[in-house]
Amino acid sequence: MSSPYPKMLAPLDLGFTTLKNRVLMGSMHTGLEERGDWDRVAAYYAERAQGGAGLIVTGGMAPSKEGGVFPGAAGLFTDADIANHRKVTSAVHDNGGKIAMQILHAGRYAYGPECVSASAIKSPISPFPPRELDEAGIEKQINDFVVAATRAREAGYDGVEVMGSEGYFLNQFLCLHTNKRTDRWGGSYENRMRLPVEVVRRVREAVGPDFIIIYRISLLDLVPNGQTFDEILQLATAIEAAGATIFNTGIGWHEARVPTIATSVPRAGFAWVTRKLMGHVGIPVITSNRINNPDTAEQVLAEGCADMISMARPFLADPAFVQKAAEGRAAEIAPCIGCNQACLDHTFSGKISSCLVNPRACFETELNYSPATTPKKIAVVGAGPAGLMTALVADERGHKVTLFEKDATLGGQLNLARVIPGKEEFHGLVHWFETMVGHSGIDVKLNTEATAEALEGFDEVIVATGVVPRDPGIPGQDGPNVLSYIDVLRNKAPVGKRVAVIGAGGIGFDVSEYVTHQGESSTLNIDAWRREWGVGDPSDVPGGLLTPEAPAAARDVTLLQRKAEKPGKRLGKTTGWIHRASLAARGVKMIGGVTYDRITPEGIELGSDKGPQMLAVDTIVMCAGQVPMRDLADALEGAGVSVHVIGGADVAAELDAKRAIDQGARLAATL
Ligand code: NAP
Ligand code: SF4
């Protein structure tokens with residue numbers, strides 16, 4: 001049978017070694033290394049090697065204490081560290097994989113008082129001003145990279161990735177934005193690129209010719225005074241000559257106000273910039289960012305944008321990505337939806353990374369779906385994310401599962417999310433659930449409201465009936481000008497030109513996005529998306545930074561909340577700012593600290609410390625949170641039936657698909 005993805009699955013000959021395919025698992029911080037549980041780290045990477053990744057890159061390892069992203073960040077500092085890392089490399093090799101260690105020096109992004117950089121300029125994302133390095137200090141940092149690379153080789157790694165992008169230490173020397181030096185490390189571009197080139201040259205000298213050196217090159221800085229494309233080409237030529245084996249693409253400094261990996265970024269939205277490097281260097285080039293399925297990967301390679309694809313989060317969502325693609329089972333690949341909710345949001349909260357779609361990610365040693373000793377008859381009521389995940393895991397374990405759903409479709413609240421412009425990836429998640437349920441032995445009963453009688457005779461009953469909108473009890477809310485988010489998103493009720501949205505939680509933001517959009521979602525149109533966020537070509541403008549063009553808004557929206565804090569403050573840690581910026585660009589007014597006194601045909605009367613105010617609007621949309629749908633659970637419990645209540649039916653507050661899926665998977669693993 002011919003390969004379904006001939007380009008993606010083609011081997012890549014690096015001369016001294018060959019990668020089995022064109023898929024790199026990109027670097028991600030897991031949080032496991034710092035906890036010292038190296039067997040768990042090894043199990044995590046081993047599963048990804050077994051799943052067929054051509055080359056794995058580890059999470060960033062600090063070359064020195066001052067270069068660590070935070071105090072205590074993992075590195076390769078001692079012989080004991082080398083022994084720990086050997087567990088990882090052996091596990092990967094035993095499973096047929098190859099692995100490179102990323103050397104990450106954070107420079108002024110290091111969240112600690114010891115941080116160092118080219119110049120003493122504080123970054124906007126860290127409270128610590130860096131110390132400007134002197135000549136001896138720079139020599140120490142170079143040597144630290146070299147020592148880290150030689151230790152990596154000793155620990156059994158197949159190579160290293162030198163992190164030169166995303167605004168980290170080496171990138172800080174490259175750009176006038178952060179490098180104000182007047183010595184041989186600053187000023188002209190030749191001087192500014194001296195450090196990364198010297199690092200690669202000295203690392204190559206130390207590790208010998210048969211060791212992979214990936215250089216992560218910033219092709220688009222997206223900050224003021226960023227690099228021009230001519231400068232980037234000059235750097236690339238010098239880095240190649242210094243001994244790099246492969247270029248990997250880096251997009252956007254962490255302080256950039258442009259989303260680079262969030263779900264609303266178009267798929268393969270930055271492959272065009274990697275393509276600009278193709279043909280200018282003699283070593284393979286990898287592209288990256290928002291490539292989450294084999295079809296997009298194959299297309300990017302077929303269009304000549306790169307020699308290889310880097311995917312990071314997709315390997316959290318599904319370790320067997322490559323294997324499933326190769327076996328013609330692409331539809332079974334659990335999709336990374338770019339939400340950041342369980343990966344980056346966890347990283348930035350000091351929690352272990354995982355995945356909304358795959359709660360086993362980074363929990364491989366403790367959450368396993370092993371065959372049930374005694375197969376049971378299990379009823380699951382509700383086919384939202386909690387019920388679906390419970391049903392799938394229980395089925396996988398050998399139980400006989402019946403899934404009841406009162407609607408005509410699977411997916412529950414995911415079906416509301418998928419209609420929001422910028423959240424198109426939720427279609428893929430619903431499709432994946434449909435595929436997996438279709439391939440399972442689950443008996444699906446759609447359009448069926450489960451009754452206590454229908455649930456008799458089951459060994460276990462799981463109630464995942466979800467949520468209903470909270471009634472905010474505002475006088476006048478029964479008027480024809482008031483809609484719920486379900487009326488708007490599911491029933492497509494007509495919405496007037498002037499809109500007040502009551503409640504600025506996740507759903508209030510989603511509804512505001514939905515009603516202000518017109519025409520095609522920019523997530524499906526790379527050029528429109530680039531205009532909206534001000535992403536230019538580094539050949540035309542340094543760093544590729546343009547002034548964003550505000551999209552025309554379909555409606556005049558005011559988003560309201562009672563709390564006096566900034567609306568949207570509780571949205572995702574790494575994505576909340578994107579939602580706020582997107583609505584601000586559409587002219588949405590966000591007002592906190594109000595009371596809802598009365599709804600009239602003219603609009604809504606608000607109270608605040610500034611006194612009463614009449615907000616004249618045509619439509620008021622209620623997004624005032626949700627409460628558990630517990631009717632069935634209460635009836636069953638009242639009749640003495642033992643049930644498991646999960647998802648929103650259990651706790652509606654702060655419910656999201658992450659908690660629902662996680663709770664469902666963990667329950668089903670124990671039944
Ligand atoms: P939510 O995030 O809890 O927000 C509810 C909003 O309603 C808040 O702004 C709250 O603010 C307001 N509210 C609460 N009680 C009210 C009352 N009695 N009268 C008037 N307003 C009231 O809930 P949600 O927006 O329904 O979202 C549900 C869940 O879905 C969220 O927890 C979220 O995790 C998830 N979700 C996430 C995303 C995402 O982008 N990640 C998107 C959509 C949904 P005040 O009390 O200050 O008025
Ligand atoms: Fe992707 Fe979301 Fe999973 Fe992170 S949590 S890997 S963004 S699906």
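Residues: numbered from 1 along the sequence shown. Counting convention: from 1, in listed order, for ligands and their atoms alike.
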*Asks:* Which residue and atom name correspond to the protein heavy atom nearest atom 7 (S) of ligand 2, and how close is it?
*Replies:*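 Answer for atom 7 (S) of ligand 2: Asn340 N, 3.0 Å.
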
*Asks:* Which atoms of ligand 1 are found less than 4.0 Å from any heavy atom of Asp656?
*Replies:*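 So the answer, numbered in order with elements, is 34 (O).
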
*Asks:* Taking Ser440 for its side chain and Leu392 for its backbone only, find out whether a donor-acceptor pair lies under 3.5 Å.
*Replies:*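 Side chain of Ser440 to backbone of Leu392, a donor-acceptor pair under 3.5 Å: no, none is there.
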
*Asks:* Backbone, side chain, both or neither: what part of Ile507 comes under 4.0 angstrom of ligand 1, heavy atoms only?
*Replies:*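 Looking at Ile507 and ligand 1, atoms from backbone and side chain both fall under 4.0 Å.
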
*Asks:* Within Cys339, is some N, O or S atom less than 2.8 Å away from atom 3 (Fe) of ligand 2?
*Replies:*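 So Cys339 does not bind atom 3 (Fe) of ligand 2 by this criterion.
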
*Asks:* How far is atom 3 (Fe) of ligand 2 from its nearest protein heavy atom, and which residue and atom name does that atom have?
*Replies:*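 For this ligand atom, the closest protein heavy atom is Cys355 SG, 2.4 Å.
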
*Asks:* Would a distance-only check, ignoring hydrogens and angles, find a side-chain to backbone donor-acceptor pair under 3.5 Å from Glu34 to Ala74?
*Replies:*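 Yes; at least one donor-acceptor contact below 3.5 Å.
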
*Asks:* Decide, counting backbone as well as side-chain atoms, whether Cys343 has an N, O or S atom less than 2.8 Å from atom 1 (Fe) of ligand 2.
*Replies:*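 Checking atom 1 (Fe) of ligand 2 against Cys343, no N, O or S atom falls under 2.8 Å.
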
*Asks:* With a cut-off of 6.0 Å (strictly less than), are more than 12 heavy atoms of other residues, nucleotides or ligands near CZ of Arg257?
*Replies:*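 Correct, the count exceeds 12.
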
*Asks:* With under 30° as parallel and over 60° as perpendicular, where do the rings of His254 and Tyr109 fit, or are they tilted in between?
*Replies:*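 Aromatic pair His254/Tyr109 classed tilted.
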
*Asks:* Is there a polar contact, in the sense of an N or O pair closer than 3.5 Å, between Ala504 and ligand 1?
*Replies:*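 For ligand 1, there is an N or O atom that lies under 3.5 Å from one belonging to Ala504.
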
*Asks:* May I ask you to identify the nearest protein heavy atom to atom 13 (N) of ligand 1, giving residue, atom name and distance to one decimal place in Å?
*Replies:*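 It is Ala624 O, 3.6 Å.
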
*Asks:* Under the salt bridge (charged side-chain N to carboxylate O under 4.0 Å, His left out) criterion, do Arg360 and Asp318 qualify, and how do the steps go?
*Replies:* CA-CA 10 Å; Arg360 287 194 66 249; Asp318 200 331; over 6 Å; no

*Asks:* Looking only at atom types and distance, does a side-chain atom of Arg35 sit under 3.5 Å from a main-chain N or O of Gly31, one as donor and one as acceptor?
*Replies:*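 Yes; judged by distance alone, with no hydrogens or angles, the pair exists.
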
*Asks:* Got more than 12 heavy atoms from elsewhere within 6.0 Å of NZ, Lys610?
*Replies:*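 At most 12 heavy atoms, drawn from other residues, nucleotides or ligands, come within 6.0 Å of this atom.
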
*Asks:* For atom 5 (S) of ligand 2, grab the closest protein heavy atom and report residue, atom and distance to one decimal in Å.
*Replies:*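 Ranked first by proximity to atom 5 (S) of ligand 2 is Leu356 N, 3.2 Å.
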
*Asks:* Is there a polar contact, in the sense of an N or O pair closer than 3.5 Å, between Arg470 and ligand 1?
*Replies:*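 Yes: some nitrogen or oxygen of Arg470 is under 3.5 Å from one in ligand 1.
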
*Asks:* Tell me the protein heavy atom at minimum distance from atom 11 (O) of ligand 1, and give that distance in Å.
*Replies:*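 In this structure, atom 11 (O) of ligand 1 has Lys563 NZ, 3.1 Å as its nearest protein heavy atom.
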
*Asks:* Taking the six-membered ring for Trp, is the centroid-to-centroid distance between Phe426 and His431 below 6.0 Å?
*Replies:*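 No, ring centres 6.0 Å or more apart.
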
*Asks:* Identify, by atom number and element, the atoms of ligand 1 in contact range of Gly625, meaning under 4.0 Å from any of its heavy atoms.
*Replies:*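 Selected atoms, number and element: 5 (C), 7 (O), 23 (O), 26 (O).
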
*Asks:* Pairs of nitrogen or oxygen atoms closer than 3.5 Å, one from Gly505 and one from ligand 1: do any exist?
*Replies:*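 The answer is yes, given that Gly505 and ligand 1 share an N or O pair closer than 3.5 Å.
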
*Asks:* Give the residue and atom name of whichever protein heavy atom lies nearest to atom 1 (Fe) of ligand 2, and the separation in Å to one decimal.
*Replies:*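 Scanning the protein heavy atoms, the shortest distance from atom 1 (Fe) of ligand 2 goes to Cys336 SG, 2.4 Å.
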
*Asks:* Please list, in number order, the atoms of ligand 1 under 4.0 Å from a heavy atom of Gln626.
*Replies:*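 Checking each atom against Gln626, I get 26 (O), 27 (O), 28 (C), 29 (C).
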
*Asks:* Has Arg40 got its NZ or CZ under 6.0 Å from the middle of the six-membered ring of Phe363, at an angle within 45 degrees of the ring axis?
*Replies:*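 So Arg40 does make the cation-pi contact.
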
*Asks:* Look at the side chain of Thr619 and the backbone N and O of Gly496, then say whether any donor-acceptor pair between them is shorter than 3.5 Å.
*Replies:*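 Here the side-chain-to-backbone pair exists.
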
*Asks:* Treating Asn358 as the side-chain partner and Leu316 as the backbone partner, does any N or O pair qualify as donor plus acceptor under 3.5 Å?
*Replies:*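 Yes, the answer is positive, given that a donor and an acceptor are paired below the 3.5 Å cut-off.
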
*Asks:* Does Pro472 reach ligand 1 with a nitrogen or oxygen that is under 3.5 Å from one of the ligand's nitrogen or oxygen atoms?
*Replies:*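 Not met; the criterion fails.
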
*Asks:* Please say whether more than 12 non-hydrogen atoms of neighbouring residues, nucleotides or ligands are located less than 6.0 Å from CZ in Arg570.
*Replies:*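 Atom CZ in Arg570 is not packed in, count stays at 12 or less.
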
*Asks:* Strictly distance-based, threshold 3.5 Å: is any side-chain N or O of Thr58 a donor or acceptor partner for the main-chain N or O of Gln102?
*Replies:*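 The answer is yes, because a donor-acceptor pair under 3.5 Å joins these two groups.
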
*Asks:* Ligand 1 and Gly506, any nitrogen or oxygen pair closer than 3.5 angstrom?
*Replies:*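 Such a contact does occur with ligand 1.
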
*Asks:* Nearest protein heavy atom to atom 41 (N) of ligand 1, by residue and atom, and its distance?
*Replies:*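 Here the closest protein heavy atom is Gln341 OE1, 3.9 Å.
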
*Asks:* Parallel, tilted or perpendicular: which describes the rings of Phe315 and Phe321, with under 30° parallel and over 60° perpendicular?
*Replies:*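 Geometry flag for Phe321 against Phe315: tilted rings.
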
*Asks:* What protein heavy atom sits nearest atom 8 (S) of ligand 2, and how far off is it?
*Replies:*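 Answer, as residue, atom name and distance: Ile337 N, 3.3 Å.
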
*Asks:* Do Arg562 and ligand 1 have an N or O pair less than 3.5 Å apart?
*Replies:*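 The answer is yes, given that Arg562 and ligand 1 share an N or O pair closer than 3.5 Å.
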
*Asks:* At the 4.0 Å heavy-atom cut-off, does Leu571 count as touching ligand 1?
*Replies:*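 No; Leu571 lies far enough from ligand 1 that no heavy-atom distance drops under 4.0 Å.
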
*Asks:* Taking the non-hydrogen atoms of Lys423, is any one of them nearer than 4.0 angstrom to ligand 1?
*Replies:*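 Lys423 counts as a contact of ligand 1 under the 4.0 Å cut-off.
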
*Asks:* If we only consider heavy atoms of Cys623, is any one of them less than 4.0 Å away from an atom in ligand 1?
*Replies:*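 Cys623 counts as a contact of ligand 1 under the 4.0 Å cut-off.
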
*Asks:* Does any N or O atom in Tyr596 lie less than 3.5 angstrom from one in ligand 1, N or O only?
*Replies:*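 No - when backbone and side-chain N and O of Tyr596 are compared with those of ligand 1, no distance drops under 3.5 Å.
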
*Asks:* How far is atom 34 (O) of ligand 1 from its nearest protein heavy atom, and which residue and atom is that?
*Replies:*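 Scanning the protein heavy atoms, the shortest distance from atom 34 (O) of ligand 1 goes to Leu655 O, 3.2 Å.
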
*Asks:* Please check if the side chain of Arg562 supplies one atom and the backbone of Thr595 the other of a donor-acceptor pair under 3.5 Å.
*Replies:*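 Here the side-chain-to-backbone pair does not exist.
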
*Asks:* Which of the atoms of ligand 2 are close to Gly338, meaning less than 4.0 Å from one of its heavy atoms?
*Replies:*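 Answer, ordered by atom number: 1 (Fe), 7 (S).
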
